[in-house]
Amino acid sequence: MDIDGARIAEAVNQLHHRGKATLHDRLHRVRMALGLAVQAGLAAGLSWLAAHELLGNPQPVFAPISAVGTLAVSVGQRFRRTIELIVGVAVGVALGDFLIYLLGTGAWQLGLVVTTAIILTVFAGASVAIVIQAAATAVLIVTLSPQTANLEIPRFVDALVGGGIALLVTAVLLPLNPLRVLNRAARPALDLLAAQLDVTANGLRERDRDKVQAALERLRNNKEELAAFSEAIEGAKETAMLSPARWHRRDELAHYSEAAEPIDRAMRNSGTLIRRAVTLIEDEEQIPDPMPDAVAHLAESVRLLKHEFAVGEEPEKARERSLRAVSEAGRAYAEGVGFSGSVVVAQVRTAASDLLVASGISQDEANRWIRKSFGELEPQPGQPAEPEGGAKPPTAPPIG
């Protein structure tokens with residue numbers, strides 16, 4: 001009975017923590033989308049007012065639809081989306097009118113109009129957005145023209161008004177702070193990487209294969225975090241380009257923009273590191289004490305990079321901690337590692353190099369710092385020493 005009670009209590013506790021994590025994730029998504037929601041609401045209201053009050057359209061339904069459609073697309077693509085929206089509407093209006101004139105209206109005419117719109121826009125090399133917009137507009141023209149006279153020009157004007165108002169809201173009336181958006185988007189990706197490296201370090205210390213395997217599986221499911229980060233970078237660059245109020249942020253945004261690719265590489269190389277750590281434990285290779293320390297320092301470097309980016313500081317502490325990780329990896333190698341252990345050591349070096357590049361250092365300079373921190377390669381136990389011998393053990397740089 002006590003065993004059953006303990007199991008039930010453990011299950012309830014796990015569900016409680018899972019519920020809290022899910023609520024935290026949902027609240028984070030809401031915070032991420034709050035700015036977009038306010039922008040979309042403002043753009044929809046203003047576009048309806050502009051089309052109805054200024055242009056005299058009694059039912060300006062398509063203006064707010066176009067505004068919301070422009071803002072709902074992935075940030076970083078709104079200017080292009082507006083152009084695609086207008087082009088797609090123009091194609092749909094022209095094609096719908098032409099075929100209605102030739103064939104009249106009806107079910108088979110509607111099917112033919114949609115098929116023709118898609119084929120022609122695809123043949124012309126148009127984007128998916130233009131293809132969809134042309135087909136949708138053609139449907140509206142064919143189905144509503146019999147009941148609503150002169151629909152074509154208002155539909156085209158609504159597209160112009162809605163797209164233009166959306167850009168106005170994004171660039172002038174309510175531009176988001178691009179650095180704040182980036183910080184919020186980068187946090188999940190960097191937190192994920194740091195957390196799984198920490199789990200791996202603990203798993204290596206405890207020789208817990210399942211723990212390290214769980215970290216590997218979690219890190220493999222990082223597409224959502226990386227996609228949000230990459231999308232936020234594109235959106236921030238668009239905001240900094242279109243919004244005069246954000247032009248002074250361009251230099252700061254360059255750090256994030258240049259950091260995206262090396263952070264992605266650090267994720268991939270850390271995945272290789274963790275996968276090989278699983279094999280290391282399975283093969284019962286030796287694990288020198290500095291090896292899990294190296295992985296833990298790598299995790300701390302990621303956290304420091306996130307913090308220093310967020311507060312706008314030069315990421316010196318993150319660089320120092322990356323080099324500390326490399327130094328500990330050098331010590332582990334000098335003490336002796338097996339095949340998988342040597343791969344873990346190599347991946348610590350590679351991931352640390354990625355983080356250094358993400359911090360704003362050139363690849364060549366990062367490589368020089370990595371080699372210096374790692375130290376001269378000493379022969380593994382059982383291997384003959386080099387003729388010149390006497391390699392010095394690596395010295396750890398200051399943590400700062």
Side-chain angles (χ1 to χ4, degrees), residues 36 40 43-44 47 50-51 55 57 59-171 223-224 226-228 230-235 237-239 241-242 260-261:
L36 173 62
S47 59
L55 301 179
N57 186 344
Q59 293 182 321
V61 177
F62 301 121
I65 290 177
S66 298
V68 173
T70 298
L71 288 170
V73 76
S74 296
V75 291
Q77 302 175 6
R78 290 169 177 171
F79 184 76
R80 188 182 73 185
R81 170 66 169 175
T82 300
I83 302 301
E84 290 175 339
L85 184 71
I86 294 168
V87 171
V89 168
V91 171
V93 166
L95 189 62
D97 268 352
F98 178 69
L99 291 181
I100 287 175
Y101 177 77
L102 290 180
L103 306 173
T105 59
W108 71 268
Q109 291 95 332
L110 174 61
L112 180 61
V113 167
V114 171
T115 301
T116 306
I118 293 175
I119 291 175
L120 288 179
T121 48
V122 169
F123 178 78
S127 68
V128 174
I130 293 178
V131 173
I132 294 173
Q133 192 60 232
T137 300
V139 169
L140 291 172
I141 296 300
V142 173
T143 55
L144 297 181
S145 286
Q147 291 83 26
T148 307
N150 302 319
L151 175 66
E152 299 82 1
I153 298 302
R155 171 70 172 119
F156 186 76
V157 171
D158 279 355
L160 285 172
V161 171
I165 292 292
L167 290 180
L168 180 67
V169 169
T170 300
K223 293 181 180 179
E224 181 179 342
L226 282 178
S230 299
E231 182 178 300
I233 288 175
E234 293 304 312
K237 286 160 61 175
E238 179 186 67
T239 300
M241 177 185 72
L242 295 177
E261 184 178 348

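All residue numbers in this chain count up from 1 along the given sequence. Here the structure is a predicted model, which is why all the values come from computation and not from measurement.
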Report task. Taking side-chain contact (heavy atoms from CB on, under 4.5 Å) as the test, write out the residues that go with Ile118, two or more places apart. Result ->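 Listed in chain order: Val114, Val122, Val131, Ala135.
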Requested in this report: Quick one: list whatever passes side-chain contact (heavy atoms from CB on, under 4.5 Å) with Leu55, sequence neighbours left out.
Outcome: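 Counting only residues at least two positions away or on another chain, Leu55 forms a side-chain contact (heavy atoms from CB on, under 4.5 Å) with Val157, Val161.
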Query raised in the report: Please walk me through it: do Val139 and Leu110 pass side chain to side chain contact (heavy atoms under 4.5 Å, CB included)?
Result: CA-CA 7 Å; Val139 169; Leu110 174 61; 4.0 Å; yes
Query raised in the report: If you look at every heavy atom in Ala51 and Ala63, which pair is closest and at what distance?
Result: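 Shortest heavy-atom separation between Ala51 and Ala63 comes out as CB-CB, 4.0 Å.
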Report task. Write down the atom of Thr116, the atom of Leu112, and the distance for their closest heavy-atom approach. Result ->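 That closest heavy-atom pairing would be OG1-O, 2.7 Å.
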